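Note sheet for the following structure.
FYI, the numbering just counts along the sequence from 1. The model shown is predicted, which means the values in this text are computed figures rather than measured ones.
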Amino acid sequence: MDVEKVFHMTGGVGETSYSRNSSLQKKASEMVKHITLETVEEVYLATKPKSIGIADLGCSSGPNTLSNIKDILDKIEGTSSNKLKQSAPEFRVFLNDLPTNDFNAIFQALPEFHQWLKQKNGSGHENKGSNSNIYVAAYPGSFYGRLFPDHCLHFIYSSYSLHWLSKVPRGLYDEQGNSLNKNSIYISENSPCEVSKVYFDQFKEDLSLFLQSRSDELVSGGKMVLILLGREGFNHVDRGNAFFWKILYQALTNLISKGEVEKEKLDSYEVHFYAPCKEEIEEVARENGCFEVERLEMFEIEKTIGKGISYGTMVAMTVRSIQESMLAHHFGETIIQGLFKEYGRLVDEEMAKEEIRPITFLLVLRKP
């Protein structure tokens, strides 16, 4: 399966869209927003550019995209006015995701974004350094490789994207194309020992290429804030992010018993995902050598439940909005509704037994 051609968050603004089901990601970005904005300010004060380049890599198409950009612009304009006593710089904002992303949803939100700028500038801010020299562009393509010209960016933000691999690791299949990981779709207690190594090797290759590419594109002193899923220790089998994949595998297995999924189809399905531990992230960054690690922190999102729905249903809707494109491509669209109903039920069942604790990392990197 060609991940770059198939994988995308569910577009539009419908009930199952990513736009309507990305509150968990929003909550995570809000939890560390103060660090993101501190980092942006540090870059701006250190480089003092007349034109500042900002990129959101893996921007997707929900409301979080432009919300994050608004916060960053506000911070830089406030710093220009209050600390430098000068006009704000020109802003070049680049929104990146795979070509299959629903960029139209972002473009349709831009008039409201520009209206926000006009209202802000018309409320007495224009004399304090605020300006409307803001240019927004979409940059479709994989961030596992070059996207931008040399030294054109000052700050890069990426939230909940780098745990997605560029491809399903080839080493998961033998010479005949049969999966070595037939009893799982990710790393589990049923996986052969070589499966975790194959996954880590792919993550290491991808992250190294990402860091090298961004190093070429950032100015000296530029920084990145990266938010990604991970795991707490060296053990891959835990009640964290890996456990959600185990539950999805169980939901798919249950559909086999109903005759809705073929076992051969399930045996050949693997996810392009990896949850690294802190030590693995540090290892890749150290060996790559392009960036200084300024912060690497682990945190958990507080669990909240929407009105009238269970935690399992909320998780199921979130995962569906992210994984539907891949699952529908492999198994067919007809199973999706029933699959995620079963998945939500299983998550609730497991939560009643014991807490599930997905881990998130915040990584701040500086280019020397």
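- Here the CD atom belonging to Glu282 is positioned 8.5 Å from the SG atom belonging to Cys277, to the nearest 0.5 angstrom.
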Test side-chain contact (heavy atoms from CB on, under 4.5 Å) applied to His154 and Arg92, step by step: CA-CA 10 Å; His154 297 80; Arg92 292 170 287 113; 3.9 Å; yes
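- Every pair passing salt bridge (Lys or Arg N to Asp or Glu O under 4.0 Å) that includes a residue from residues 181-195 is listed here, sequence neighbours excluded: Glu189-Lys246.
- Taking the six-membered ring for Trp and the full ring otherwise, Tyr274 and His236 have centroids separated by under 6.0 Å.
- With rounding to the nearest 0.5 angstrom, the CD atom of Gln25 is 6.5 Å from the OG atom of Ser321.
- Applying the 6.0 Å contact sphere to NZ of Lys26 captures more than 12 heavy atoms from other residues, nucleotides or ligands.
- When the side-chain contact (heavy atoms from CB on, under 4.5 Å) test is applied to His272, the partners found at least two apart in sequence or on another chain are Val3, Phe7, Trp164, Leu165, Val168, Gln323, Met326.
- Once rounded to the nearest 0.5 Å, the distance linking SG of Cys59 with CG of Asn101 reads 5.5 Å.
- Residues meeting the salt bridge (Lys or Arg N to Asp or Glu O under 4.0 Å) test with Lys27, sequence neighbours left out: none.
- Two residues are said to be in side-chain contact when any heavy atoms from C-beta on lie closer than 4.5 Å; Phe91 and Glu77 meet this criterion.
- Proximity of a side-chain donor or acceptor of Arg295 to a complementary backbone N or O of Val364 within less than 3.5 Å is not detected.
- Relative ring orientation between Phe273 and Tyr186 is described as perpendicular, the plane-to-plane angle rising above 60° on a 0-90° scale split at 30° and 60°.
- Annotation: salt bridge (Lys or Arg N to Asp or Glu O under 4.0 Å) contacts involving residues 56-73, sequence neighbours excluded, comprise Lys33-Asp71.
- No more than 12 heavy atoms of other residues, nucleotides or ligands sit less than 6.0 Å from atom CD of Glu262.
- Side-chain contact between His329 and Lys5 is absent, with no heavy atoms from C-beta onward closer than 4.5 Å.
- Atom CD of Glu333 sits in a sparse spot, with 12 or fewer heavy atoms from other residues, nucleotides or ligands closer than 6.0 Å.
- Note that the OG atom of Ser159 and the CG atom of Leu57 stand 11.5 Å from one another [nearest 0.5 Å].
- Between Ser220 and Pro368, the closest heavy-atom pair is OG-O, 3.0 Å.
- A search for side-chain contact (heavy atoms from CB on, under 4.5 Å) contacts involving Ser188 returns Ser184, Asn190, Ser191, not counting sequence neighbours.
- Residues satisfying the salt bridge (Lys or Arg N to Asp or Glu O under 4.0 Å) criterion with Arg20, sequence neighbours excluded, are absent altogether.
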For residues 335-345, please give each side-chain donor-acceptor pair under 3.5 Å, one per line with the distance, not counting sequence neighbours.
{"unit_1": "Gln337", "atom_1": "OE1", "unit_2": "Arg320", "atom_2": "NH1", "d": "2.8"}
{"unit_1": "Glu342", "atom_1": "OE1", "unit_2": "Arg345", "atom_2": "NE", "d": "3.2"}
{"unit_1": "Glu342", "atom_1": "OE2", "unit_2": "Asn254", "atom_2": "ND2", "d": "2.6"}
{"unit_1": "Glu342", "atom_1": "OE2", "unit_2": "Arg345", "atom_2": "NH2", "d": "2.8"}
{"unit_1": "Tyr343", "atom_1": "OH", "unit_2": "Phe244", "atom_2": "O", "d": "3.3"}
{"unit_1": "Arg345", "atom_1": "NH1", "unit_2": "Glu349", "atom_2": "OE1", "d": "3.0"}

Set out, in order, the CA-CA distance, both residues' side-chain angles and the distance that settles side chain to side chain donor-acceptor pair (under 3.5 Å) for Tyr160 and Thr360, then state yes or no. CA-CA 9 Å; Tyr160 284 94; Thr360 300; 2.9 Å; yes
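- Atom OH in Tyr199 sits 6.5 Å away from atom CG in Asn181 (nearest 0.5 Å).
- Between Gly58 and Asp97, the shortest heavy-atom distance links the atoms C-OD2, 3.4 Å.
- Note that OG1 of Thr313 and CG of Asp348 are 5.5 Å apart. Values are rounded to the nearest 0.5 Å.
- In terms of heavy-atom proximity, Glu4 sits nearest to Ser142 at OE1-CB, 3.8 Å.
- Counting only distance, with no hydrogens or angles, the side chain of Asn82 and the backbone of Gly78 share a donor-acceptor pair below 3.5 Å.
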Could you go step by step and tell me if Glu205 and Tyr144 meet the side-chain contact (heavy atoms from CB on, under 4.5 Å) rule? CA-CA 9 Å; Glu205 177 185 317; Tyr144 293 123; over 6 Å; no
Set out, in order, the CA-CA distance, both residues' side-chain angles and the distance that settles side-chain contact (heavy atoms from CB on, under 4.5 Å) for Arg214 and Lys367, then state yes or no. CA-CA 9 Å; Arg214 304 296 81 80; Lys367 179 183 174 181; over 6 Å; no
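- Applying the salt bridge (Lys or Arg N to Asp or Glu O under 4.0 Å) test to pairs two or more places apart or on separate chains, those with a residue in residues 136-164 are Arg146-Asp150, Arg146-Asp216, Arg146-Glu217.
- The aromatic rings of Tyr139 and Phe94 lie perpendicular to each other, with more than 60° between the two planes, well past the 30° mark.
- Residues Leu24 and Met314 approach most closely at CD2-CE, 3.9 Å, considering heavy atoms.
- Crowding of Gln176 atom CD: a count of heavy atoms from other residues, nucleotides or ligands under 6.0 Å exceeding 12.
- More than 12 heavy atoms of other shown residues, nucleotides or ligands fall within 6.0 angstrom of atom CD in Glu287.
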side-chain contact (heavy atoms from CB on, under 4.5 Å) assessment of Val293 paired with Leu363: CA-CA 7 Å; Val293 177; Leu363 178 61; 3.9 Å; yes
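- When all heavy atoms are compared, the tightest approach of Ser166 to Gln202 is OG-NE2, 3.4 Å.
- Remark: Lys223 engages Glu42, Glu294 in a salt bridge (Lys or Arg N to Asp or Glu O under 4.0 Å) (not counting sequence neighbours).
- Using a 4.5 Å heavy-atom cutoff, the side chains of Ile76 and Ile54 are in contact.
- In terms of heavy-atom proximity, Gly12 sits nearest to Ser17 at O-CB, 3.4 Å.
- Looking at Trp116 and Leu66, their side chains never come closer than 4.5 Å, going by heavy atoms from C-beta outward.
- Residues forming a side-chain contact (heavy atoms from CB on, under 4.5 Å) with Glu355 (at least two apart in sequence, or on another chain): Lys303, Met351, Arg357.
- Every residue two or more places apart in sequence or in another chain that forms a side-chain contact (heavy atoms from CB on, under 4.5 Å) with Leu84 is listed here: Tyr44, Leu45, Lys48, Gln86.
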Side-chain donor-acceptor distances from residues 106-114 under 3.5 Å, at least two apart:
none

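- The shortest side-chain heavy-atom distance between Val347 and Ser310 does not fall under the 4.5 Å cut-off.
- In this structure, Thr253 and Lys263 have side chains that are not in contact, with every pair of non-hydrogen atoms separated by 4.5 Å or more.
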Side chain to side chain donor-acceptor pair (under 3.5 Å) evaluation trace for Glu41 with Thr79: CA-CA 7 Å; Glu41 183 177 60; Thr79 300; 2.8 Å; yes
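- By the neighbour-count criterion of 12 heavy atoms within 6.0 Å, atom CD of Gln115 is densely surrounded, having more than that number from other residues, nucleotides or ligands.
- Taking the side chain as every heavy atom from C-beta outward, Leu95 and Ile69 approach each other to under 4.5 Å.
- By the 4.5 Å heavy-atom criterion applied to side chains, Met9 and Asp102 are not counted as neighbours.
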